[in-house]
Visitor: 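Below are the structure tokens for one structure; questions will follow.
To find a chain, count down the sequence lines: A is the first, B the second, and so on, and within it residues start at 1.
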2 protein chains.
Amino acid sequence: MTTKTYGQYCGVARALELVGERWALLIIRDLLVAPKRYTDLRAGLPRIPTNVLATRLKELEQAGIVTRRVQPRPSGAIVYELTPYGEDLDQVVLALGRWGARSLGELRPGEIATAETLVMALRSTFEPGDVKASYELRFGEVVVHAVVDGESLEAAPGPLPDADLAIEAYAPLSPLLNGELDAKAALAAGLVSTSGSIAALARFAKLFRIGPTPAVA
Amino acid sequence: MTTKTYGQYCGVARALELVGERWALLIIRDLLVAPKRYTDLRAGLPRIPTNVLATRLKELEQAGIVTRRVQPRPSGAIVYELTPYGEDLDQVVLALGRWGARSLGELRPGEIATAETLVMALRSTFEPGDVKASYELRFGEVVVHAVVDGESLEAAPGPLPDADLAIEAYAPLSPLLNGELDAKAALAAGLVSTSGSIAALARFAKLFRIGPTPAVA
DNA sequence: CTGGATCCACACAGATACTG
DNA sequence: CAGTATCTGTGTGGATCCAG
């Protein structure tokens, strides 16, 4: 798509020319969480062909969205990082994540969740309010945490040992977050277990609520 | 991409599976302005191959994003319209448009602007404030109007004869809107002419301000 | 005229193997 | 670790054709 243009003088078209290709916004999603090395990106995007990853990174670098930095010795590692311009895609990725969350449904066979997908899920579904609380969320091997204080949310990979509430999910939490199950029912169904009360889990579910699953023809 | 999945349990990935294919979000952009017939969509997207348009419309219909309606006789016309689920992509398209507007730059050879691209440009760059005003904006053949009242903006195709300010653009207004030129300089440069004062044009430019052009490597 | 379907050439994505 | 090389298949682009 880099060479292919849409022929329209339009911000949407320009944006899609820059980041509309397959995998591009998923690479950016992962880099929004933290700078990463080539191998880290591959690990977070297991299905991406390596030549496509290499090509995208070059295109994104060319477009001024990503920078490629060689770390000083002794590490010598190569790190990909978003430029400020690339970081401005945050709102685009969050909007996409918010809209797409409603279609998540069941975990499909072979599908994975990473710390990056969970962090962006929390960030995109966050509804600011009056709550002040901290959470540790576990889903299999993947652990992330979130600190909520009114309008502000900090979400990042890794544990938070002294979180107000620790949540262990045994399956996608969509039914809890879209209102299909309330906190009590989700616990009863074995979807989730927590270190706290039903009320605390309900508050969590309200903070990161997603819309109802859309009807499909 | 409909059959091709990203293998990630992630809202962003789901969204891209549904609307991440080439042309899809541009079709949705045009439908966000108003429902359209097949031929109208072709007219607004001159470079889209007809088979791709037909395929996208089927996929989007399948996904519950677009509906295909046959109008009652005598028109019998077929109209494509967004479902409520599809309309929820508004925020995604606006976020993309806002980000991409900064990279618009010059009008490239063969590139066109339509009423739909102008309407979305106004909507995506609108910065709510204390202003109450109405505008008619002309760019070649294309005429759109906007009514601003504090937080609210209504933008739509077509003229608005009794607008507070009529603006005729002879070239893209990016230099005016990104602060490269101020209102006085833009008028002096022949970029634009208006029915009103320099101050009125400056207020317009402030309402629909876009960020600075990103530096590219 | 609208609303597509069909055909072909080709660029790009997918998969895997290989290298500095 | 960070890619490149190669092969294959599918989706896209572009033009044309066709039915109501």
Visitor: Any base atoms under 4.0 Å from A:Thr50, or only sugar-phosphate, or nothing? Heavy atoms, all strands.
Guide: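 Base: the residue A:Thr50, judged by heavy atoms under 4.0 Å, touches a nucleobase.
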
Visitor: Quick check on D:dG13: is either OP1 or OP2 less than 4.0 Å from any side-chain nitrogen or oxygen of B:Arg22?
Guide: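 The answer is yes; a side-chain N or O of B:Arg22 sits under 4.0 Å from OP1 or OP2.
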
Visitor: Which comes earlier along DNA chain D counting from the 5' end, the contact point of B:Arg56 or that of A:Tyr38, where each point is its nearest nucleotide?
Guide: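 The 5'-side residue here is A:Tyr38.
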
Visitor: Could you check how far CZ of B:Arg42 sits from C1' of D:dG13, rounded to whole Å?
Guide: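 In whole Å, D:dG13 C1' lies 13 Å from B:Arg42 CZ.
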
Visitor: Evaluate the ring planes of B:Tyr38 and B:Tyr80, with Trp represented by its six-membered ring, and classify them as parallel (under 30°), tilted (30 to 60°) or perpendicular (over 60°).
Guide: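 If you compare the ring of B:Tyr38 with that of B:Tyr80, the planes turn out tilted.
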
Visitor: Quiz question: by atom type and distance under 3.5 Å, do the side chains of A:Tyr85 and B:Ser103 form a donor-acceptor pair?
Guide: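 Indeed, the side chains of A:Tyr85 and B:Ser103 share at least one donor-acceptor pair under 3.5 Å.
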
Visitor: Using only side-chain N and O atoms of B:Lys4, determine if any of them is under 4.0 Å from OP1 or OP2 of D:dG9.
Guide: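 No, B:Lys4 has no side-chain N/O under 4.0 Å of OP1/OP2 on D:dG9.
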
Visitor: If we check side-chain contact (heavy atoms from CB on, under 4.5 Å) with A:Tyr9, which of these qualifies: B:Leu107, B:Thr114, B:Ile112?
Guide: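 By the side-chain contact (heavy atoms from CB on, under 4.5 Å) criterion, A:Tyr9 pairs with just one of B:Leu107, B:Thr114, B:Ile112: B:Leu107.
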
Visitor: Just the rounded figure in Å: distance from C1' of C:dT16 to CZ of A:Arg47.
Guide: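 One finds 16 Å between C1' of C:dT16 and CZ of A:Arg47, rounded.
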
Visitor: For DNA chain C, whose closest nucleotide is more 5', that of A:Pro49 or that of B:Gly76?
Guide: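 By nearest-heavy-atom nucleotide position, the 5'-most residue is B:Gly76.
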
Visitor: Side chain of B:Arg37 only, please: which of D:dA2, D:dT12, C:dT2 is the nearest?
Guide: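 The listed nucleotide nearest to B:Arg37's side chain is C:dT2.
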
Visitor: Less than 4.0 angstrom between a side-chain N/O of B:Tyr80 and OP1 or OP2 of C:dT2, yes or no?
Guide: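 B:Tyr80 to C:dT2 OP1/OP2: no side-chain N or O under 4.0 Å.
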
Visitor: Output yes when at least one side-chain N/O atom of B:Lys58 is less than 4.0 Å from OP1 or OP2 of C:dA5, else no.
Guide: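 So the side chain of B:Lys58 is within the cut-off, an N or O lying under 4.0 Å from OP1 or OP2 of C:dA5.
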
Visitor: Counting heavy atoms not belonging to B:Glu106, are there more than 12 under 6.0 Å from its CD?
Guide: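 Counting other residues, nucleotides and ligands, CD of B:Glu106 stays at 12 neighbours or fewer.
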
Visitor: Does OP1 or OP2 of C:dG14 have a side-chain N or O of A:Trp23 closer than 4.0 Å?
Guide: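 Checking C:dG14 against A:Trp23, a side-chain N or O does come within under 4.0 Å of OP1 or OP2.
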
Visitor: Side chain of A:Asn51, base of D:dT6: donor and acceptor closer than 3.5 Å?
Guide: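 For A:Asn51, whose side chain was compared with the base of D:dT6, there is a donor-acceptor pair (under 3.5 Å).
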
